[in-house]
Amino acid sequence: MSSSLTDTSLHTAALDRARRKAYWHLLPLLFVSYMIAYVDRQNVAVAKLTMTKDLVGFDNAVIGFGAGIFYIGYVLLEIPGTLMVERWSARKWICRIMISWGMMAALTAAVTSPWQFYSVRFLLGLAEAGFFPGVIVYLTHWFPSRDRARALAIFLVAAPLAQILSPWLSFKLLKIGADAAHPPILGMVGWQWVYVFWALPAIALGAIVFYKLVDRPGQAAWLTAEEKTALESELERERGLTTKGKRLTVLEALRNPKVLMLALAYFCMTTGSIGMELFMTSILKDWYKLKDEMLQWLIILPPAAALVGQLVAGWSSDRYKERRWHAVVPIVLGAASMGLLPQTQGSLVLTVICFMAAFTGFKSYMPAFWALPSMFLTSAAAAGSIGLINSLGNLGGAFGSTLLGTVQTMTGSYVGALYYMCCSALVSASIIFGFFALRKKEAESDRA
């Protein structure tokens, strides 16, 4: 008995050490990589402020469609890219992604026509495909379920942090070529430098990922033999509990009603969130005629609120081992805030508060949401399903950004699109609620 207790204690201690080391060795690099990815994806929101003035034929409809077509390219390689992480190597695949997306992001500086812009954005989507869901799958190779939402929250916080930090530099870059005091550099003006400058870290980080990231615990030189064994046995134990003898193939998982429900929920969610992120800067500028100096202060407040919300939601979801309400409640908060947004026009303070609440809701649901697929799927089935959920969901990003840009160009107002996005988010919350009802029904059927 004494020997058994000692062995259990040593195993637990080794597992705890391995979990802590995984946090410190993996998450910082993944965090910085996602932050740069998010800047490269979203810097069009800042660049468009002068891009539409410098380039003939560029308006909000062109920018919205170009921003949206990114997700079409993203979808095409999303599932294959995620499976590459599961079956081949996260280190090598993420390295390839980062270097190629850096090149495509820099190439945006050379566009002179809408069709060139569409083409480069499409290629950027192809290049980045598989990064986000690939990391989600990669985290399941390292973090037991008790740590997963928290690890996801830390990783996902990179997005709002990118939205906080990047405008400071991007607005300064935007001044290049604006007047005699800020002449062009190397023949390029501000919006071009926004694309080029932020592309360079992606290429550099790609090389760092290749040399520093570790695919599986068994390959980590910074874990002892006992720590490797403890972590791998815990992960395998959880995989066994998840499948309970019913291992699904990739194709079976892709047809699973729960996977399709999550994909539809994510589509409805991103329709609102990505459109809002892309056009928040323009809405504030159009509604209140703000100068760039004031604008760059205001647009960091919503992502700052989202950063706090995401960390709290991830910690709370793991702390209480609860996913449904940690996903549904933030979405409802975001939807309500977006629905109220048009009513705040005329009051800058209320508009910013609504944006802060919307950002918080539309970011805070993600740690709990992305922990859901691994609750009922493992291995390649989970990887393919996460790729499907993210790829089909991100079509909502294409739809939302295109919708918002087109509606504004045709009507001169963002209001109709904002109301649509509010309703779309509420549909997402309803689907996630129904997902748990379906899981409960299946569990009762299995017991019977």
Side-chain angles (χ1 to χ4, degrees), residues 28-55 58 63 66-67 70 73 94-112 116-128 131-132 157-210 277-282 285 291-293 295-300 303-304:
L29 180 54
L30 294 172
F31 180 93
V32 175
S33 298
Y34 187 44
M35 188 168 70
I36 296 301
Y38 215 83
V39 173
D40 282 337
R41 185 192 303 184
Q42 296 290 318
N43 57 19
V44 67
V46 174
K48 71 182 284 291
L49 296 176
T50 58
M51 213 174 159
T52 52
K53 299 175 184 176
D54 292 347
L55 299 179
F58 278 70
I63 297 295
F70 165 90
I94 292 174
C95 166
R96 191 285 305 164
I97 288 173
M98 298 188 70
I99 291 174
S100 59
W101 103 47
M103 292 177 176
M104 289 301 104
L107 191 60
T108 314
V111 304
T112 58
Q116 290 177 356
F117 180 60
Y118 300 155
S119 299
V120 171
R121 291 294 297 185
F122 176 77
L123 292 173
L124 181 62
L126 285 178
E128 195 186 319
F131 175 79
F132 178 81
V157 156
L161 187 62
Q163 293 171 311
I164 294 170
L165 298 179
S166 65
W168 289 97
L169 190 50
S170 294
F171 272 100
K172 293 183 185 302
L173 292 169
L174 212 57
K175 294 179 180 179
I176 297 173
D179 49 45
H182 304 89
I185 298 176
L186 299 178
M188 295 191 297
V189 296
W191 65 267
Q192 293 172 305
W193 277 110
V194 169
Y195 291 118
V196 171
F197 180 88
W198 288 110
L200 299 177
I203 297 172
L205 280 167
I208 295 173
V209 162
F210 184 81
E277 290 178 16
L278 179 64
F279 282 95
M280 177 182 68
T281 304
S282 297
K285 194 174 183 69
K291 294 182 179 180
D292 287 351
E293 290 76 11
L295 198 58
Q296 73 183 31
W297 277 97
L298 292 178
I299 64 175
I300 69 172

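For V32, the side chain to side chain contact (heavy atoms under 4.5 Å, CB included) partners at least two apart in sequence or on another chain are L205. Residues passing the side chain to side chain donor-acceptor pair (under 3.5 Å) test with S282 are K48, sequence neighbours excluded. Residues passing the side chain to side chain donor-acceptor pair (under 3.5 Å) test with T50, sequence neighbours excluded: none. With sequence neighbours excluded, the residues satisfying side chain to side chain contact (heavy atoms under 4.5 Å, CB included) with A106 are A199. For the side chain to side chain donor-acceptor pair (under 3.5 Å) test, no residue two or more places apart in sequence or in another chain qualifies with T108. By the side chain to side chain donor-acceptor pair (under 3.5 Å) test, W193 is found to be paired with no residue, residues two or more places apart in sequence or in another chain being considered.
Atom CG in L55 sits 9.5 Å away from atom CZ in F117 (nearest 0.5 Å).
The two residues C95 and G206 come nearest to each other via the heavy atoms SG-O, 3.3 Å. Between W191 and A109 the shortest heavy-atom distance is CH2-O, 3.8 Å.
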Before you tell me yes or no, could you show the steps for L30 and Y34 under side-chain contact (heavy atoms from CB on, under 4.5 Å), namely the whole-Å CA-CA distance, both residues' side-chain angles and the distance that decides it to 0.1 Å?
CA-CA 6 Å; L30 294 172; Y34 187 44; over 6 Å; no
Checking K172 against F197 for the side-chain contact (heavy atoms from CB on, under 4.5 Å) test, could you report, in this order, the C-alpha distance in whole Å, the side-chain angles of both residues, the deciding distance, and whether it holds?
CA-CA 12 Å; K172 293 183 185 302; F197 180 88; over 6 Å; no
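Formation of a donor-acceptor pair under 3.5 Å by the E128 side chain with backbone atoms of L124 is not found in this model.
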